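Encoded as structure tokens, the structure appears first; notes follow it.
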Amino acid sequence: MQIQILTVGKIKEKYLKMGIDEYTKRLGPFARVEIREVKDEKTPDGASAAEEEQIQAKETARLKALLKPGTYIIALDIKGKNLSSPEFAARLDNLATTGQSHITFLIGGSLGLSPELLNMADLRLSFSAMTFPHQLFRLILLEQIYRAYKINRGEPYHK
């Protein structure tokens, strides 16, 4: 399985980098994980809807340039489908068994993902109705992917 995480913005906090590195390492036996970051655009306070649209358009173009043809796209979206950890594990297992060996997760910047990217997604997934910083969410996503592999293997990590 190949898992690509395309995300807006860089991780600056050392503790997040350490957690991301740890879960990327843990996932090594199960999948090849690639994390690609694109530059985020600064959003001025009080930005107009038109300015926000322009910012999202720039970030969208950068993310789209990294999308591989034929990949199964999962867009992280607060309005997306909620799955429990076992349901998420089953979804990943089903993708693998039906020949979808390349999955791309999209994490937007402070304005989220554009409607264009959301419409391109095969699945719009929400981990919560709460809003998380996109830097922290990268770590949460990796942990849930790792948890899914452990669930699918019947191993005790997820308990």
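Predicted, not measured: the structure shown is a model, and the values here were computed from it. For the single chain, residues carry numbers from 1 onward in sequence order. Computation of the quantities below employed the complete heavy-atom set of this structure, encompassing side-chain atoms and omitting hydrogens, waters and symmetry-equivalent molecules.
Closest non-hydrogen pair, Ile107 versus Leu113, comes out as C-CD2, 4.0 Å. Of all heavy-atom pairs between Arg138 and Val8, the closest is NH2-O, 4.5 Å. Nearest heavy atom pair, residue Thr71 against residue Lys68, reads CG2-O, 3.1 Å.
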Decide side chain to side chain contact (heavy atoms under 4.5 Å, CB included) for Leu106 and Met120; before the verdict, give the C-alpha distance in whole Å, the side-chain angles of both, and the deciding distance to 0.1 Å.
CA-CA 11 Å; Leu106 297 176; Met120 289 175 64; over 6 Å; no
Apply side chain to side chain contact (heavy atoms under 4.5 Å, CB included) to Glu34 and Gln2, showing your working.
CA-CA 8 Å; Glu34 174 188 35; Gln2 295 178 45; over 6 Å; no
Side chain to side chain donor-acceptor pair (under 3.5 Å) between Ser85 and Gln144, worked out
CA-CA 7 Å; Ser85 293; Gln144 284 298 302; 2.7 Å; yes
Lys81 vs Glu87, test: salt bridge (Lys or Arg N to Asp or Glu O under 4.0 Å). Steps then yes/no.
CA-CA 11 Å; Lys81 183 172 181 60; Glu87 289 170 335; over 6 Å; no
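A donor-acceptor pair under 3.5 Å is absent between the side-chain atoms of Ser126 and the main chain of Gly80, judged by distance alone. Judged by distance alone, with hydrogens and angles left aside, the side-chain atoms of Arg62 form a donor-acceptor pair with the main-chain N or O of Lys39 at under 3.5 Å. Although no hydrogens or angles enter the test, the distance criterion places a donor-acceptor pair under 3.5 Å between the side chain of Asn152 and the main chain of Ala89. Without hydrogens or angle criteria, Glu41 side chain to Glu59 main chain gives no donor-acceptor distance under 3.5 Å. No side-chain donor-acceptor contact under 3.5 Å links Ser114 to the backbone of Ala57.
By the side-chain hydrogen bond (donor to acceptor under 3.5 Å, both in side chains) test, Gln54 is found to be paired with no residue, residues two or more places apart in sequence or in another chain being considered. Applying the salt bridge (Lys or Arg N to Asp or Glu O under 4.0 Å) test to Lys64 and every residue at least two apart in sequence or in another chain returns Glu116.
Annotation: side chain of Leu139 is not in contact with side chain of Ile11 (no heavy-atom distance under 4.5 Å).
The ring of Phe127 has its center closer than 6.0 angstrom to the ring center of Phe137.
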